[in-house]
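Here's the structure we're looking at; comments come further down.
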There are 2 protein chains.
Amino acid sequence: MPKPQKPRNVSARSTQGVTVFEVARLAGVAPITVSRVLNEPGKVKEATLLRVRQVIEETGYVRNQIAGSLASNRTRLVAVIVPVLTNPIFSDTYQAIATWLAKADYQVLLGISGYHAEQEEELIDVVLSRRPDGIILTGTIHTELSRRRLQSTGIPVVETWDMTEEPIDMLIGFSHEEIGRREAQHLLAKGYRDFAIVEVDDPRGHRRSESFIRELALHGIAPRHRQTFHGLPALSQGRAALLTLLPLRQRPLMIVCSSDTLAHGVLTEAACQGINVPGEFAVMGFGDMNFAAFTFPSLSTVRIDGAGIGRRAAAALLERLKGNTTSPPVMMDVGFTLVDRDSTALLANPWTSTE
Amino acid sequence: MPKPQKPRNVSARSTQGVTVFEVARLAGVAPITVSRVLNEPGKVKEATLLRVRQVIEETGYVRNQIAGSLASNRTRLVAVIVPVLTNPIFSDTYQAIATWLAKADYQVLLGISGYHAEQEEELIDVVLSRRPDGIILTGTIHTELSRRRLQSTGIPVVETWDMTEEPIDMLIGFSHEEIGRREAQHLLAKGYRDFAIVEVDDPRGHRRSESFIRELALHGIAPRHRQTFHGLPALSQGRAALLTLLPLRQRPLMIVCSSDTLAHGVLTEAACQGINVPGEFAVMGFGDMNFAAFTFPSLSTVRIDGAGIGRRAAAALLERLKGNTTSPPVMMDVGFTLVDRDSTALLANPWTSTE
DNA sequence: CTGAAAGCGCTAACAT
DNA sequence: ATGTTAGCGCTTTCAG
């Protein structure tokens with residue numbers, strides 16, 4: 001039997017809500033037992049468990065995780081820093097992260113950095129003040145200060161959607177340079193020799209393009225055209241891009257886009273102009289988003305397993321939070337897949353004739 | 001001058017981090033002054049401000065908002081409950097919410113309900129335990145328990161993306177029934193008489209369709225076809241839908257889709273089959289997503305100002321949190337706009353001839 | 001403009 | 001299996 005409690009919740013500061021003390025009093029147990037019912041029910045005798053749960057039910061008690069977090073120094077909160085919510089390329093990843101974390105009773109604190117390392121730095125400050133148990137970042141490019149802050153806190157960090165030799169902590173992604181390189185090799189091997197690049201100015205897409213161009217250069221080829229749009233990739237930009245490429249139509253042209261959405265726009269404008277794809281233009285996207293297999297013609301692209309990245313990021317974090325510091329450091333390259341569809345199908349009139 | 005502090009942070013439970021007490025000691029002030037520097041810098045003398053800020057800088061102090069929230073009973077956290085992150089129709093809204101809240105130093109706690117009222121109910125429980133200062137919900141359909149819990153806490157709630165006579169608290173949205181009705185009237189007025197409905201089984205889209213059909217019925221018309229897909233709207237579904245509609249081609253058909261993505265799929269399959277839109281089929285979407293004006297042919301649709309909903313939801317919440325309980329209850333219908341583009345352009349051969 | 005004292009509601013640590 | 005004690009790190013309240 002617990003000893004009678006001192007009166008509680010009488011000061012003007014209180015929230016007036018039901019607390020563990022009230023529940024404990026009504027159930028005839030000590031507050032810590034209520035806490036155990038909530039957090040470690042296995043450690044409480046069945047009868048006590050039921051009694052406390054009934055009181056919780058009757059009183060409508062809602063636990064205060066803020067107080068719990070302060071006392072236990074664990075928040076069950078994971079901060080997820082995203083560049084934007086409006087670029088669907090990342091949606092699968094964030095959805096997977098939130099879903100898998102929720103299964104383990106962790107919640108997501110969301111931060112939007114707008115693709116800016118400086119804004120991300122501010123965000124990290126804000127977020128750290130809430131003492132998340134873990135942080136998931138999009139990308140591997142951060143300010144030096146961000147890196148130091150994150151490392152000095154010792155909070156588990158997962159970087160995603162990129163590769164680096166020196167991750168802050170854990171890393172689950174793929175190499176954008178490798179994609180550019182392999183994409184170039186792949187298209188060269190198929191016989192394409194004339195290239196145009198259509199991209200937006202997002203940092204990772206830009207690096208894919210640069211890597212693509214470097215690989216072409218190794219084969220003595222320079223792209224005939226490069227167009228960079230601002231902001232998020234949009235169908236409209238792809239359409240505009242194809243219009244500027246029309247004068248290049250004398251010879252078939254391989255149009256390499258930094259996103260499926262841009263590529264879809266190119267295909268749309270081609271359909272509008274009655275231009276045959278892949279006959280007069282071939283088109284390559286990036287992302288293998290859910291529409292890519294169903295455009296007309298179907299879009300060749302680079303498949304990224306966004307949901308897989310999210311699932312693995314969540315899993316790696318949860319593993320660490322379980323206390324498995326003995327587990328090897330996580331630095332996983334999930335890779336990518338070049339997907340050949342109709343938009344790069346070789347026709348009877350081989351492009352290799354332009355060599 | 002503050003009196004010398006009792007030793008702090010010596011127990012095994014401490015986080016070993018720098019606390020306000022340490023900062024206060026080094027700056028020669030009381031802890032509460034450090035707190036004021038952080039929260040109400042206007043109330044602190046310039047010299048003190050600078051001195052404390054310097055110590056914060058030197059020590060790398062990171063405030064603990066958990067402790068602050070417990071003491072002040074304010075978390076600066078807003079819970080945002082979304083059905084999914086992978087349906088881009090909502091992206092603008094959530095992006096706007098997070099962005100506008102961040103400007104006011106509020107952060108977003110994210111919850112994914114998967115379109116299920118029951119899952120939302122659990123989520124609300126979890127979320128309430130973190131004592132958010134506000135909650136933003138997607139939709140107005142919740143379990144009775146959810147409604148009661150939310151109302152009994154007294155936390156400001158904003159429901160979005162729908163209308164209801166009895167909002168939990170604040171409401172910023174539009175009527176899906178009204179959309180279905182107006183859409184039918186609009187298309188009937190343009191002369192269309194033969195309709196097919198293509199939709200996914202999301203609850204709000206379904207209600208738009210039902211309302212559309214009711215309005216048609218008032219004019220003695222029943223849709224000739226209705227196809228309901230499962231899951232999120234996808235281009236592939238739109239393509240599949242048009243294939244099943246091909247036998248109906250004898251007379252021109254108005255295909256009403258519950259999402260721009262479905263409609264885009266219909267247009268894609270039409271292009272693939274060499275079918276003239278709007279000649280043989282006319283197509284209507286929903287959402288006016290950023291691609292709708294740039295499909296081929298451009299897509300007639302219903303414009304929803306998703307970003308506006310998000311901005312207003314954030315603003316309404318912030319207004320309430322500023323303590324303006326005197327402000328009138330928020331119940332705003334942001335409306336919608338029927339957008340006529342090429343996919344419903346009337347041709348020389350008027351559809352009205354089929355009457 | 002600044003400070004002392006007293007909690008906020010919970011749980012770690014240590015009993016029993 | 002359950003209880004006692006003592007905080008977690010901050011901010012409210014009340015004083016000066």
Side-chain angles (χ1 to χ4, degrees), chain A residues 1-25 27-52 61-76 129-131, chain B residues 1-25 27-52 61-76 129-131:
Chain A
M1 277 289 283
K3 87 175 185 192
Q5 295 169 23
K6 277 188 287 192
R8 277 251 171 189
N9 238 355
V10 289
S11 96
R13 298 185 61 179
S14 116
T15 332
Q16 302 295 52
V18 183
T19 69
V20 274
F21 288 85
E22 179 70 359
V23 173
R25 192 179 59 77
V29 296
I32 187 68
T33 300
V34 179
S35 173
R36 288 198 181 104
V37 168
L38 262 31
N39 300 313
E40 309 163 293
K43 292 190 174 177
V44 177
K45 194 171 54 179
E46 186 74 10
T48 316
L49 204 59
L50 292 174
R51 195 150 33 94
V52 172
Y61 168 72
V62 180
R63 77 198 293 182
N64 186 330
Q65 283 242 53
I66 299 293
S69 297
L70 180 61
S72 68
N73 202 27
R74 281 162 59 270
T75 53
R76 300 197 84 84
S129 74
R130 297 196 185 269
R131 301 294 190 270
Chain B
M1 278 290 284
K3 88 173 183 190
Q5 295 169 24
K6 277 189 287 193
R8 277 249 170 193
N9 236 352
V10 288
S11 98
R13 298 183 60 178
S14 115
T15 332
Q16 304 294 48
V18 182
T19 70
V20 274
F21 288 85
E22 179 68 1
V23 173
R25 192 179 60 75
V29 296
I32 183 63
T33 301
V34 178
S35 173
R36 289 199 179 104
V37 168
L38 262 31
N39 300 313
E40 309 164 293
K43 292 190 176 176
V44 178
K45 193 171 57 181
E46 185 75 9
T48 316
L49 204 61
L50 293 175
R51 195 149 34 94
V52 172
Y61 168 73
V62 180
R63 77 199 292 181
N64 186 331
Q65 282 243 53
I66 299 293
S69 296
L70 180 60
S72 68
N73 202 28
R74 281 160 61 269
T75 53
R76 301 197 85 84
S129 74
R130 297 195 184 270
R131 300 294 190 270

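A quick note: this is a predicted structure, and the numbers were derived from the prediction, not measured. Just so we're on the same page: letters track the sequence lines, and every chain starts at 1.
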Test side chain to side chain donor-acceptor pair (under 3.5 Å) applied to [X] - qualifying residues, sequence neighbours left out:
X     : result
B:E40 : B:K43
A:S69 : none
A:S35 : A:N39
B:R76 : none

Round to a whole Å and report the spacing from [atom1] of [X] to [atom2] of [N].
X     : N      : atom1 : atom2 : result
B:R76 : D:dT11 : CZ    : P     : 11 Å
B:Y61 : D:dG9  : OH    : P     : 10 Å
A:L70 : C:dC8  : CG    : P     : 13 Å
B:K43 : D:dC14 : NZ    : C1'   : 13 Å
A:L38 : C:dC10 : CG    : C1'   : 10 Å
A:N39 : D:dT2  : CG    : P     : 15 Å
B:R51 : C:dT2  : CZ    : C1'   : 11 Å
B:F21 : D:dC10 : CZ    : P     : 8 Å

Given [options], identify the nucleotide with an atom nearest to the side chain of [X].
X     : options               : value
A:N64 : C:dG3, C:dG9, C:dT11  : C:dG9
A:S35 : D:dT11, C:dT11, C:dT2 : C:dT11
A:T19 : C:dC10, D:dT2, C:dG3  : C:dC10
A:I32 : C:dA12, C:dG9, D:dC10 : C:dA12
B:A71 : D:dC10, D:dC8, C:dG3  : D:dC10
B:S72 : C:dG9, D:dT12, C:dT2  : D:dT12

Practice task
For A:T48, answer base if it contacts any base atom (sugar-phosphate contacts may also be present), sugar-phosphate if it contacts only those atoms, and nothing otherwise; contact means non-hydrogen atoms under 4.0 Å.
Solution key: sugar-phosphate
Practice task
With heavy atoms under 4.0 Å as the rule, sort A:V34 into base, sugar-phosphate or nothing.
Solution key: nothing
Practice task
Find out whether B:V62 and A:R131 are in side-chain contact, i.e. whether some heavy atom of one side chain is under 4.5 Å from a heavy atom of the other.
Solution key: yes
Handout entry: First encountered from the 5' end of DNA chain D, between B:R36 and B:V62
Key = B:V62
Exercise for the section: Please round to 10 degrees the angle between the axis of the first five pairs and the axis of the last five pairs in the helix from C:dC1-D:dG16 to C:dT16-D:dA1. Expected result: 20°
Problem - Gap between atom CG of A:N64 and atom CG of A:L70 - 0.5 Å precision - result: 10.0 Å
Completion exercise
side chain to side chain contact (heavy atoms under 4.5 Å, CB included) filter on A:L49, not counting sequence neighbours, yields A:V37, A:P41, A:V44, A:E46, A:R53
